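Reading through the structure tokens given below for one structure.
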Amino acid sequence: QITVKSFSGDTGTIRITGEVFFPGVYPISSYETLANVISRAGGLKINAAPQSAIFQRDSLKRLEYDRLIKLQQEAKRSILFSQQSFGQDRETTLDLAMLDGIMETEVDLEDLGRLVIDLEAILEGQNDKAIILEDGDTLIIPKQRNVVAVIGEVYVPNSHVFQQNVSKDDYIRLSGGVTDYADPDNVYIIKSDGSIASVSGN
């Protein structure tokens, strides 16, 4: 005899992709935690990188989208005011037109809504790191990638194999060093979990 219980009416879903044994869309109940659903998905594969997990939330996407649209509108007003203030100088007009074009770029919702989490601590059962799920949440768990990407104002933006004793200055040198347009005092590192660390002056 097999009994299949149903969830209560207050349910939602979460999508889990990447390095779990059973990726897919899972129903969630009220106050269900992320750790519980990962367990239902079979847990992490051996080559998973929990420190690089990407967790996105629909409610955060909407908030960030609205905020970006508001910033675009404010920037457009500033550009219009600058055009009226500076007249029709050709160089200034071209610069403002370029900025206006950037402001017209559509915002991709898929890139928004990321919530930085400590998945390793979550899976270890640390209660202060627990995540209560909401309908529409998404979790992406990538494979281990031991690389460091150097982007921005360096001569050869590139990716390098991660080495424990190599500093951020070493990685910059491996990418040809900074260009004349670089601002070395404002270098920062985007970590694999999405958090950002300022390394200016280090």
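Computed from a predicted structure; not experimentally measured. If you read the sequence from its start, that first residue is 1, and numbering goes on from there.
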*Find out if a path of hydrophobic residues (ILVMFWY) with successive side-chain heavy-atom gaps under 4.5 Å connects Val154 to Val166.*
yes
_A side-chain contact here means heavy atoms from C-beta on lying under 4.5 Å apart; do Asp135 and Asp58 qualify?_
no
*Is the backbone of Thr179 close enough, under 3.5 Å, to the side chain of Glu153 for a donor and an acceptor to pair up by distance?*
no
*Indicate yes or no: at least one non-hydrogen side-chain atom of Val20 is less than 4.5 angstrom from one of Leu44.*
yes
_Would you compute the distance between atom CG of Leu123 and atom NZ of Lys129 and round it to the nearest 0.5 angstrom?_
13.0 Å
*How far does CZ of Arg15 sit from CG of Asp137, to the nearest 0.5 angstrom?*
12.5 Å
*Evaluate side-chain contact (heavy atoms from CB on, under 4.5 Å) for Gln163 paired with Tyr171, printing each intermediate quantity in order.*
CA-CA 10 Å; Gln163 299 179 61; Tyr171 285 116; 4.2 Å; yes
*Can you list the steps and then say if Leu174 with Val150 is a side-chain contact (heavy atoms from CB on, under 4.5 Å)?*
CA-CA 9 Å; Leu174 288 170; Val150 183; over 6 Å; no
_Side chains of Arg145 and Ser192 in contact at under 4.5 Å (non-hydrogen atoms)_ = no
*asked:* So Leu34 and Ile14, do their side chains get closer than 4.5 Å, heavy atoms only?
replied: yes
*What is the minimum heavy-atom distance between Leu119 and Ala53, and which atoms define it?*
CD2-CB, 3.6 Å
*Any side-chain heavy-atom pair from Glu134 and Ser59 closer than 4.5 angstrom?*
yes
*Above 12 or not: heavy atoms from other molecules or residues under 6.0 Å from CD1 of Ile196?*
yes
_Nearest atoms (heavy-atom pairs only) where Ile131 meets Arg57_ = CG2-NH2, 3.9 Å
*asked:* Is any side-chain heavy atom of Ile140 closer than 4.5 Å to one of Gln56?
replied: yes
*asked:* I want to check something: taking the side chain as every heavy atom from C-beta on, are Val187 and Val178 in contact at a cut-off of under 4.5 Å?
replied: no
*Taking side chain as C-beta onward, heavy atoms only, is Ile38 less than 4.5 Å from Leu139?*
yes
*Might you point out which heavy atoms bring Ala48 and Pro50 nearest each other, and give the distance in Å?*
O-CD, 3.3 Å
*Kindly indicate, with the supporting measurements, whether the criterion side-chain contact (heavy atoms from CB on, under 4.5 Å) is fulfilled by Gln51 and Gln144.*
CA-CA 9 Å; Gln51 72 278 8; Gln144 293 282 354; 3.2 Å; yes
*Grab the two heavy atoms, one from Ala197 and one from Lys191, that are nearest each other, plus how far apart they are.*
CB-CE, 3.9 Å
*With rounding to the nearest 0.5 Å, note down the distance linking CZ in Phe55 to CG in Asp118.*
13.5 Å
*Say whether Val37 and Ile141 are linked into one hydrophobic cluster, either directly or through other cluster members, by side-chain heavy-atom distances under 4.5 angstrom.*
yes
*Got more than 12 heavy atoms from elsewhere within 6.0 Å of CG, Asn127?*
no
*What distance separates Ile28 CD1 from Thr33 OG1, expressed to the nearest 0.5 Å?*
10.5 Å
_Backbone N/O of Glu32 and side chain of Ser29: donor-acceptor pair under 3.5 Å_ = no
_Distance check, rounded to the nearest 0.5 Å: Glu120 atom CD versus Ile122 atom CD1?_
10.5 Å
*Would Val156 and Val148 show up in the same hydrophobic cluster when neighbours are defined by side-chain heavy atoms closer than 4.5 Å?*
no
*Do you know which two heavy atoms are closest between Ala149 and Ser159, and how far apart they sit?*
CB-OG, 3.7 Å
_Distance-only side-chain donor-acceptor flag, Asp170 / Ser167, under 3.5 Å_ = yes
*If you round to the nearest 0.5 Å, how far is CG of Leu133 from OG1 of Thr13?*
10.5 Å
